[in-house]
Amino acid sequence: QVQLVESGGGLVQAGGSLKLSCAASGRDFSSEDMGWYRLPPGKKRELVAAISPGGVPNYAGSVQGRFTISRDNAKNTVYLQMNTLKPEDTAVYYCSAMLSGYWGQGTQVTVSS
């Protein structure tokens, strides 16, 4: 059974940091792009960051310079380091295997002002 399991979400004050993890099992995702998406309350899902198999990142403009995506292919795990968090970063964060279309169940991130 293929699973993507996110962890690391929580409640943090504005200006704080969180690190999300997405642990994959049941399939090797080392050869495909992986992405972090978020679904803010009352808004559409958006791509936050993506990373190529070789580790080349791309970011949405709203998180550029604050978030860092990384991956450990040996662990089949993708990370999202989020710094200088803002209330507008509040959302459910999902990881996804962008080619094969697998999704995790999401982890809630809430940033208080």
Side-chain angles (χ1 to χ4, degrees):
Q1 182 182 3
V2 178
Q3 284 188 309
L4 297 177
V5 179
E6 301 97 336
S7 61
L11 173 64
V12 64
Q13 289 188 330
S17 299
L18 285 173
K19 186 174 184 177
L20 306 183
S21 298
C22 172
S25 61
R27 179 186 175 101
D28 181 3
F29 292 102
S30 62
S31 62
E32 67 180 292
D33 291 355
M34 299 293 291
W36 282 99
Y37 293 77
R38 65 186 180 188
L39 182 62
K43 297 183 179 180
K44 294 182 179 180
R45 186 178 65 195
E46 60 179 347
L47 177 62
V48 174
I51 188 166
S52 72
V56 178
N58 279 287
Y59 300 98
S62 59
V63 306
Q64 182 79 43
R66 299 189 298 122
F67 290 11
T68 302
I69 189 171
S70 61
R71 67 191 298 166
D72 185 335
N73 289 335
K75 295 183 178 180
N76 221 12
T77 300
V78 181
Y79 305 97
L80 186 67
Q81 176 68 48
M82 305 185 296
N83 297 330
T84 319
L85 283 161
K86 304 176 181 180
E88 51 263 44
D89 294 317
T90 294
V92 180
Y93 284 72
Y94 300 87
C95 70
S96 175
M98 300 177 76
L99 178 64
S100 55
Y102 291 99
W103 289 83
Q105 83 290 348
T107 186
Q108 176 70 47
V109 171
T110 302
V111 185
S112 63
S113 57

**Student:** Which pair of heavy atoms, one from P41 and one from A91, lies closest together, and at what distance?
**Tutor:**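 Minimum heavy-atom contact is CD-CA, 4.4 Å.
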
**Student:** Of all heavy-atom pairs between L18 and L85, which one has the smallest distance, and what is that distance?
**Tutor:**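 Nearest heavy atoms, L18 then L85: N-CD1, 3.8 Å.
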
**Student:** Could you give the distance from CG (N76) to CE (M34), rounded to the nearest 0.5 Å?
**Tutor:**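 Going from CG on N76 over to CE on M34, the span is 7.5 Å.
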
**Student:** For T110, check side chain to side chain donor-acceptor pair (under 3.5 Å) against everything at least two apart and list the hits.
**Tutor:**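 Checked T110 against side chain to side chain donor-acceptor pair (under 3.5 Å); matches are Q108.
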
**Student:** Mind listing the closest non-hydrogen atom pair of S17 and T84 along with its distance?
**Tutor:**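 Answer, listing the atom of S17 first, then T84: OG-N, 4.3 Å.
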
**Student:** Donor-acceptor check, side chain of T90 to backbone of V111, threshold 3.5 angstrom: yes or no?
**Tutor:**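 Indeed, once roles are kept as given, a pair shorter than 3.5 Å links the two residues.
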
**Student:** Going by side-chain heavy atoms closer than 4.5 Å, which hydrophobic residues are tied to V5, directly or by a chain of links?
**Tutor:**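 So far as hydrophobic clustering goes, V5 is joined with none.
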
**Student:** Going by side chain to side chain donor-acceptor pair (under 3.5 Å), name the residues that satisfy it together with T68, two or more places apart in sequence or in a different chain.
**Tutor:**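 Here no residue qualifies.
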
**Student:** For Y37, what residues pass the ring-ring contact (aromatic ring centres under 6.0 Å, His included) criterion, not counting sequence neighbours?
**Tutor:**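 Listed in chain order: W103.
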
**Student:** Suppose we screen for side chain to side chain donor-acceptor pair (under 3.5 Å). Which residues come up paired with S70, at least two apart in sequence or across chains?
**Tutor:**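 Partners of S70 by the side chain to side chain donor-acceptor pair (under 3.5 Å) criterion come out as none, since no residue qualifies.
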
**Student:** Can you list the residues that meet the side chain to side chain donor-acceptor pair (under 3.5 Å) rule with N58, with sequence neighbours excluded?
**Tutor:**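 If we apply the side chain to side chain donor-acceptor pair (under 3.5 Å) test to N58, skipping adjacent residues, there are no hits.
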
**Student:** Could you name each residue pair satisfying ring-ring contact (aromatic ring centres under 6.0 Å, His included) that touches residues 60-96, not counting sequence neighbours?
**Tutor:**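 Listed once each, the pairs would be none.
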
**Student:** Show every disulfide bond (SG atoms under 2.5 Å apart) that has at least one partner inside residues 18-113, sequence neighbours left out.
**Tutor:**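 Matches after skipping sequence neighbours: C22-C95.
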
**Student:** Hey, could you give me each pair passing salt bridge (Lys or Arg N to Asp or Glu O under 4.0 Å) that has a residue in residues 85-94? Not counting sequence neighbours.
**Tutor:**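 Pairs touching residues 85-94 that pass the test: R38-D89, R66-D89.
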
**Student:** With ring-ring contact (aromatic ring centres under 6.0 Å, His included) as the rule and sequence neighbours excluded, what pairs involving residues 3-31 come up?
**Tutor:**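 Residue pairs with at least one partner in residues 3-31: F29-Y102.
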
**Student:** Out of S113, P87, S112, which residue meets the side chain to side chain contact (heavy atoms under 4.5 Å, CB included) rule with Q13?
**Tutor:**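 Going through the options one by one, the only one that passes is S112.
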
**Student:** Within this structure, what is the CD-CD1 distance for the pair Q81 and I69, rounded to the nearest 0.5 Å?
**Tutor:**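 Between Q81 CD and I69 CD1, I get 12.5 Å after rounding to 0.5 Å.
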
**Student:** Same hydrophobic cluster for V63 and V92, using side-chain heavy-atom links shorter than 4.5 Å among ILVMFWY?
**Tutor:**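 Looking at the clustering, V92 is in a separate group from V63.
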
**Student:** Measure across S100 and R27 and return the closest heavy-atom pair with its distance rounded to 0.1 Å.
**Tutor:**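 Closest pair (atom of S100, atom of R27, distance): CB-NH2, 3.6 Å.
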
**Student:** For L99, enumerate each residue passing the side chain to side chain contact (heavy atoms under 4.5 Å, CB included) test, keeping only those at least two apart in sequence or located in another chain.
**Tutor:**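 With neighbours one apart ignored, the set is E32.
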
**Student:** Following the transitive rule for hydrophobic clusters with a side-chain heavy-atom cut-off under 4.5 Å over Ile, Leu, Val, Met, Phe, Trp and Tyr, establish whether L39 and M98 coincide in one cluster.
**Tutor:**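 As far as the 4.5 Å side-chain criterion goes, M98 and L39 are connected within one cluster.
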
**Student:** Under 3.5 Å, which donor-acceptor pairs do the side chains of residues 47-55 form with other protein atoms, sequence neighbours left out?
**Tutor:**
{"from": "S52", "atom 1": "OG", "to": "G54", "atom 2": "N", "distance (Å)": "3.4"}
{"from": "S52", "atom 1": "OG", "to": "G55", "atom 2": "N", "distance (Å)": "3.3"}
{"from": "S52", "atom 1": "OG", "to": "V56", "atom 2": "N", "distance (Å)": "2.9"}

**Student:** Search all heavy atoms of S30 against all heavy atoms of R71 and return the closest pair with its distance.
**Tutor:**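 Here S30 and R71 meet closest at CA-NH2, 3.7 Å.
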
**Student:** Side chains of L20 and E6: closer than 4.5 Å at any heavy-atom pair?
**Tutor:**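 No, every pair of side-chain atoms sits at 4.5 Å or beyond.
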
